[in-house]
Protein chains: 2
Amino acid sequence: MKKTTQIFKALSDDTRLRILGLLVQGELCVCDLVAVLDLPQSTVSRHLAYLRNSGLVDGRRQGVWMHYRLAQQDGALHDDLIDLLSKDLARLEEIKSDQRKLRQYLSKKRTVKCC
Amino acid sequence: MKKTTQIFKALSDDTRLRILGLLVQGELCVCDLVAVLDLPQSTVSRHLAYLRNSGLVDGRRQGVWMHYRLAQQDGALHDDLIDLLSKDLARLEEIKSDQRKLRQYLSKKRTVKCC
DNA sequence: TGAATCAATCCGCATAAACGGATATATTAT
DNA sequence: ATAATATATCCGTTTATGCGGATTGATTCA
């Protein structure tokens with residue numbers, strides 16, 4: 001039960017939903033998220049830690065950079081929720097806006113000194 | 001976005017998940033919930049108010065008693081979550097135990113002075 | 001109207017969690 | 001080793017939320 005409420009707590013915060021709304025598009029590194037969300041790095045890292053502790057995302061280090069992506073295969077409820085988020089988050093205006101910003105950002109990424 | 005996080009907040013608490021785990025079985029009144037959950041009435045009512053404000057349950061007065069049930073038709077995310085809960089809550093041991101208690105309770109309900 | 005009963009709200013207290021600048025840690029390159 | 005950079009964690013402060021006994025409000029019946 002604690003695991004279940006923990007997952008829902010992880011989804012109860014605007015910033016974390018925004019992060020997930022970007023990660024449903026694919027793996028990203030912290031510097032990408034900071035740039036697109038336009039939030040302090042400590043804020044982004046703190047929320048990523050929360051999502052990881054809740055089992056919703058996995059992190060992988062590549063050199064200095066940490067890449068995060070949605071976690072897979074972690075129980076029925078978890079998988080059902082990931083499916084649900086992939087489908088329903090993109091209906092929210094704020095998420096759509098972030099996703100647009102992400103596309104712009106990725107298209108000019110070579111000009112950015114990040115991963 | 002606020003509406004979305006509000007729904008997830010509503011699902012982030014043990015007591016509220018237990019209430020929903022009973023309501024997926026059908027409409028119940030507050031006194032039923034207090035008896036089965038074995039919690040103070042003020043606690044149950046407070047959580048019911050939270051669930052109602054989040055749009056997850058509807059209340060209907062019948063005389064002195066308030067009957068609560070899962071709300072329907074309130075947006076894509078909402079409906080998807082109700083489906084998910086109906087399916088996944090019953091996998092949790094604590095919820096299964098509550099649902100057993102509910103069946104026992106309902107079977108001897110005529111001996112209880114409640115709705 | 002007054003008593004009885006169910007449910008909602010109030011209250012003070014305790015705990016959890018968000019914020020973001022500052023600091024610590026980890027990795028790479030010189 | 002030292003510097004540079006990316007990320008994680010620490011810290012004090014603020015805000016949100018849970019608790020449950022006590023109170024209030026609503027409804028029914030005599």
Side-chain angles (χ1 to χ4, degrees), chain A residues 1-20 22-23 27-54 56-69 105 109 112-115, chain B residues 1-20 22-23 27-54 56-69 105 109 112-115:
Chain A
M1 190 118 181
K2 217 164 95 186
K3 174 125 196 261
T4 304
T5 51
Q6 179 59 31
I7 290 181
F8 285 124
K9 275 183 194 157
L11 302 174
S12 302
D13 178 88
D14 280 16
T15 303
R16 289 194 289 270
L17 285 188
R18 292 179 67 198
I19 289 174
L20 292 172
L22 294 177
L23 291 184
E27 185 178 84
L28 293 171
C29 85
V30 178
C31 51
D32 297 328
L33 291 167
V34 168
V36 175
L37 297 172
D38 193 26
L39 287 171
Q41 174 263 320
S42 70
T43 296
V44 173
S45 280
R46 174 163 37 81
H47 285 295
L48 283 168
Y50 200 115
L51 289 168
R52 187 161 50 172
N53 289 335
S54 312
L56 285 168
V57 308
D58 285 329
R60 140 183 106 79
R61 182 175 284 279
Q62 190 170 46
V64 229
W65 299 284
M66 281 294 294
H67 292 256
Y68 285 92
R69 59 177 165 180
Y105 167 84
K109 178 139 179 203
V112 182
K113 46 181 179 185
C114 177
C115 45
Chain B
M1 192 117 179
K2 217 165 94 185
K3 173 124 196 260
T4 303
T5 51
Q6 179 59 32
I7 290 181
F8 285 124
K9 276 184 193 160
L11 302 174
S12 301
D13 177 88
D14 280 16
T15 303
R16 289 195 287 271
L17 285 187
R18 291 179 67 198
I19 290 174
L20 292 172
L22 295 176
L23 292 183
E27 185 177 82
L28 293 170
C29 85
V30 177
C31 50
D32 297 329
L33 291 166
V34 168
V36 175
L37 297 173
D38 193 26
L39 288 171
Q41 175 261 319
S42 70
T43 296
V44 172
S45 280
R46 174 163 36 82
H47 286 295
L48 283 168
Y50 200 115
L51 288 168
R52 187 161 49 172
N53 289 336
S54 311
L56 284 168
V57 308
D58 285 329
R60 139 182 107 78
R61 181 175 284 281
Q62 190 169 46
V64 225
W65 297 284
M66 280 296 293
H67 292 255
Y68 285 92
R69 61 177 166 179
Y105 168 83
K109 178 137 179 204
V112 183
K113 47 180 176 183
C114 177
C115 47

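Naming: A, B, ... by sequence-line order, numbering from 1 per chain.
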- Query: Near DNA chain D, under 4.0 Å by heavy atom, which residues of residues 3-18 of chain B?
  - Reply: B:Lys9, B:Asp13, B:Thr15, B:Arg16
If you restrict it to nitrogen or oxygen atoms, what contacts under 3.5 Å exist between nucleotides 2-4 of chain D and the protein, and what is each distance?
none

Which side-chain N or O atoms in residues 39-48 of chain A pair as donor and acceptor under 3.5 Å with protein atoms at least two apart or in another chain?
{"unit_1": "A:Gln41", "atom_1": "NE2", "unit_2": "A:Ser45", "atom_2": "OG", "d": "3.1"}
{"unit_1": "A:His47", "atom_1": "ND1", "unit_2": "A:Arg16", "atom_2": "NH1", "d": "3.1"}

- Message: Quick check: on DNA chain D, is the nucleotide nearest A:Arg46 upstream (toward 5') of the one nearest B:Gly63, or the reverse? Name the residue that is more 5'.
- Response: A:Arg46
- Task: Report yes if the side chains of B:Leu28 and B:Ile19 come closer than 4.5 Å at any heavy-atom pair, otherwise no.
- Result: no
- Task: Using salt bridge (charged side-chain N to carboxylate O under 4.0 Å, His left out) as the criterion, list what pairs up with A:Asp32, not counting sequence neighbours.
- Result: A:Lys109
- Message: Assuming nearest nucleotide by heavy-atom distance, tell me which of A:Thr43 and B:Thr43 is located more 5' along DNA chain D.
- Response: A:Thr43
- Residues which pass side-chain hydrogen bond (donor to acceptor under 3.5 Å, both in side chains) with A:Arg60, listed by chain and number, not counting sequence neighbours: A:Glu27
- Query: Can you name the residues that form a side-chain hydrogen bond (donor to acceptor under 3.5 Å, both in side chains) with B:Ser12, not counting sequence neighbours?
  - Reply: A:Ser12
- Message: I'd like to compare against my own output: the B/S/- annotation of nucleotides 2-7 of chain C with a strict under-4.0 Å heavy-atom distance to protein.
- Response: ---BSB
Pairs under 3.5 angstrom only: tabulate donor-acceptor contacts from the side chains of residues 1-9 of chain A to other protein residues two or more places apart or in another chain.
{"unit_1": "A:Lys3", "atom_1": "NZ", "unit_2": "A:Asp74", "atom_2": "OD2", "d": "3.3"}
{"unit_1": "A:Thr5", "atom_1": "OG1", "unit_2": "A:Met1", "atom_2": "O", "d": "3.3"}
{"unit_1": "A:Thr5", "atom_1": "OG1", "unit_2": "A:Lys2", "atom_2": "O", "d": "3.1"}
{"unit_1": "A:Gln6", "atom_1": "NE2", "unit_2": "A:Ser54", "atom_2": "OG", "d": "3.0"}

- Message: I'd like to check the side chain to side chain contact (heavy atoms under 4.5 Å, CB included) partners of A:Arg61; sequence neighbours left out, ordered by chain and number.
- Response: A:Met66
